[in-house]
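Read the numbers this way: they start at 1 and go in the same order the structure lists the ligands and their atoms.
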Amino acid sequence: MKAIVLVGGEGTRLRPLTYGIPKPMVPVLNYPFLEHTIAYLKKYRIKEAVLATSYLSEAIQGYFGQLTGLGVKLIYAVEDKPLGTAGAVKNAEQHLSDTFIAFNGDIFTDLNLTKMLAFHRAKAAKVTIALTRVENPSAYGVVETESDGRVRRFIEKPSPELVSRDQVTTNWINAGIYIIEPEVLGYVPDNTHYMFESGLFPLLLQLGEPLYALKFDSGYWLDMGTPRKYLQLNCDLLLSKARSALLGTFGKDEVRYGERCTVHPSAQIIGPVIIGSNCKIGQDVCIKGPVAINSDCSLAEGVTLETAVLWQGVAIGKNAVLRHTVVGKDTTISANATLLHSAVAGSDIQALN
Ligand code: GTP
């Protein structure tokens, strides 16, 4: 089976991190997020994946075009202007002649695709939607089903009032993973912005087409589209709450170093921590995991770093304190700055909060 991964969105919720880099390329434990997704698809023996790109497409093609040994053949379907989730798949229709998987490119999951395909076939569905359960469904697309899994109703981003008035009877939400029969693309207009969630799926429901949903009760699922969720994903992987098909799991308190790092003997590093190559950790630095530090970073004397992600080339000045913070590429943090619960990217960040 082929997969199509939707990676064309602008990632506005992840700004400022996504001003210069598309969301699929943001580093997760120092590898582009999309590389973890491709490793996951490979695990399910998917041999070919279409990447539906638009925003900063060249950054994605530039990186993956040079990678060897990925194990999945990549095809690019580039949109001149974003066509929406269903429109993007329609744009790649020529590559999708058989049953295929469509994947929102900002989902990290380990859900069982083999089980999902077996369900799809058993129901003779035209589309099967993976569902995951969340505590508060207000920010998501809620899907109500019959007892056999057939979709009964969609409620897109229900207001908290609707949820509290019990008008929403379930907290199962669309997980952004679909198995699709290619003939349904006949309902999607050509070269037009069109969405699965608000367009194609409600239409199929209205037409009485076999539209099913499968509830995944266990396993990991996260939409990493906001800075808070992005930081959480890195931490969950380091703490082994989630597992990457690319990197495997981390040992408790493990500290993993890249090549050519220099660490001052007085520095205290408590895992789980991953440090990329060419990093300099100065005197009396205190790093308390979960922390991911990308290559070419420097931490000056007395820096405290706790629950944080640093992208490549970050320089942190003396005695700065960073907790629950993501710092974008080549950013300089001034000496004595304090950053708490922040996502920053820029040339010279002095202090926030
Ligand atoms: P926000 O601006 O923060 O909402 O991010 P987004 O638009 O990148 O993501 P959203 O959650 O809205 O979309 C879910 C997935 O679909 C993401 O992986 C997007 O990259 C992808 N996506 C959304 N719109 C398009 C589009 O027009 N074309 C393509 N190819 N992918 C899209």
Requested in this report: Establish, for the pair R243 and Y220, whether the NZ or CZ atom is under 6.0 angstrom from the six-membered ring centre and no further than 45 degrees off its axis.
Outcome: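 No, R243 and Y220 do not form such a contact.
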Query raised in the report: Between E181 and K126, does at least one N-O distance fall below 4.0 Å, as a salt bridge requires?
Result: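 The answer is no: the pair does not qualify as a salt bridge.
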**Report entry** Ionic contact status for R13 with D223, cut-off 4.0 Å
**Finding:**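 Looking at D223 and R13, the cut-off is met.
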**Report entry** Neighbouring residues of ligand 1, heavy-atom cut-off under 4.0 Å
**Finding:**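 The 4.0 Å shell around ligand 1 contains L6, V7, G8, G9, E10, G11, T12, R13, K23, A52, E79, P82, L83, G84, T85, A88, N104, G105, D106.
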Report task. Look at the rings of F154 and F201 and say which category their plane angle falls in: under 30° parallel, 30 to 60° tilted, over 60° perpendicular. Result ->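 Parallel: the ring planes of F154 and F201 meet at under 30°.
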Query raised in the report: Just by distance, do the side chain of N112 and the backbone of K115 share a donor-acceptor pair under 3.5 Å?
Result: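 At least one qualifying donor-acceptor pair exists.
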Report task. Using ring pair (Phe, Tyr, Trp, His ring centres under 6.0 Å) as the criterion, list what pairs up with H324, not counting sequence neighbours. Result ->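 Ring pair (Phe, Tyr, Trp, His ring centres under 6.0 Å) list for H324, sorted by chain: H341.
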